[in-house]
Participant: 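Dropping the structure in here first, questions after.
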Amino acid sequence: MRGVVMYAPGDVRVEERENPTIVEPTDAIIRLAASCICGSDLWPYRGAEPADHAPMGHEYVGTVTEIGSDVKNVAVGDFVVGSFVASDNTCEICEAGYQSRCVHNVMMGAIGTQSEYARIPLADGTLVATPGQPSADLIPSLLAASDVLGTGWFAAVAAEAGPGRTIAVVGDGAVGLLGILAAKQLGAERIIAMSRHADRQALARQFGATDIVEERGDAGVARIKELTGGLGAHGVIEAVGTQESMMQAIRATRPGGHVGYVGVSHDVTLDGQELFFSAVHLHGGPAPVRRFLPQLIQLIWDRTIDPGVVFDLTLPLEEAAEGYRAMDERGATKVLLTV
Ligand SMILES: [Zn+2]
């Protein structure tokens, strides 16, 4: 099969990879309907994480082609969506809703789903079948549920988005934008998007942002306070993962408020005393997408939400390198790879 391999930072190739086979009786094999490039794939692409002949990709939707002897919840022919972390969905951590930290978790990034086929470990706990075969126009939205929508949703839940609340969003990538969609669905009264890109501001408004703040850092925090009677937002979604974005999120949150942080943290250091006096709740980490998948699939199936519009560039898998380049140069927000 064809699959994406990152030889080294900046060096992405599409090459022949071995077709996956059932390894554990709890595995399933899927034929991907589409895959995509994640903002987090840019960390190794830019050299902020090591990359040495690594298969790439952790988002996926597709049709089950084979199941192991212990798999009971999905069948060959089912169209399925799964999270970027495989989970058993039965351990205590899963039962509490934190499937991304399942005691048996398998990071799908280590398997690589920018490919024609993929092995899905712990299929029963990981995969959720759609109500039927989706029409082609639903595929991008279902694919978004696999990570960026699920992650934005968790961030909005962690930031306690809800009626009467003002939510600010740091980061205008796909996760930040879908965090806006989630906050709106959860009933937030006011949603402040922090973005200085006209096209992303437009998408932010389409998803439900009521205000746009272009300033960053201290100036951005000052602007959020100005918009919230000097108090700060009730909740802030942090969807970047840098020192600046994390501090912006904590400082823009009012005392007693909630920060939902889902940007993969890189070189972030928190000052204990500032954290102490901020009196904010911090809740985040790798999103337990599996917790939300049944609900998100239904919202997409009913055409209540259309998160697939975050894909603004579609390329064949063969041209994955071009997709990485486009996202790296911010020419594209999110790239869908047709398989
Ligand atoms: Zn578990």
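The structure presented is a predicted model; accordingly, all values stated were derived computationally and were not measured. Along the sequence shown, residues are numbered consecutively beginning with 1. One-based numbering, in listed order, for ligands and for the atoms of each. Hydrogens, waters and symmetry mates are skipped; everything else that's a heavy atom, side chains included, is used.
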Participant: Is there side-chain contact between V71 and L127, with at least one heavy-atom pair below 4.5 Å?
Facilitator: no

Participant: Counting only heavy atoms from other residues, nucleotides and ligands, does the tally under 6.0 Å from CG of D137 exceed 12?
Facilitator: yes

Participant: Salt bridge between R2 and E16, side-chain N to carboxylate O under 4.0 Å?
Facilitator: yes

Participant: Return yes if a side-chain donor-acceptor contact under 3.5 Å exists between S35 and Q114, otherwise no.
Facilitator: no

Participant: With sequence neighbours excluded, what pairs up with A332 under the side chain to side chain contact (heavy atoms under 4.5 Å, CB included) test?
Facilitator: D312, L313, A326, M327, V335

Participant: Take the Zn ion (ligand 1) and tell me which protein N, O or S atoms are nearer than 2.8 Å.
Facilitator: D88 OD1, C91 SG, C94 SG, C102 SG

Participant: Check whether any side-chain heavy atom of I167 sits under 4.5 Å from a side-chain heavy atom of I192, and report yes or no.
Facilitator: no

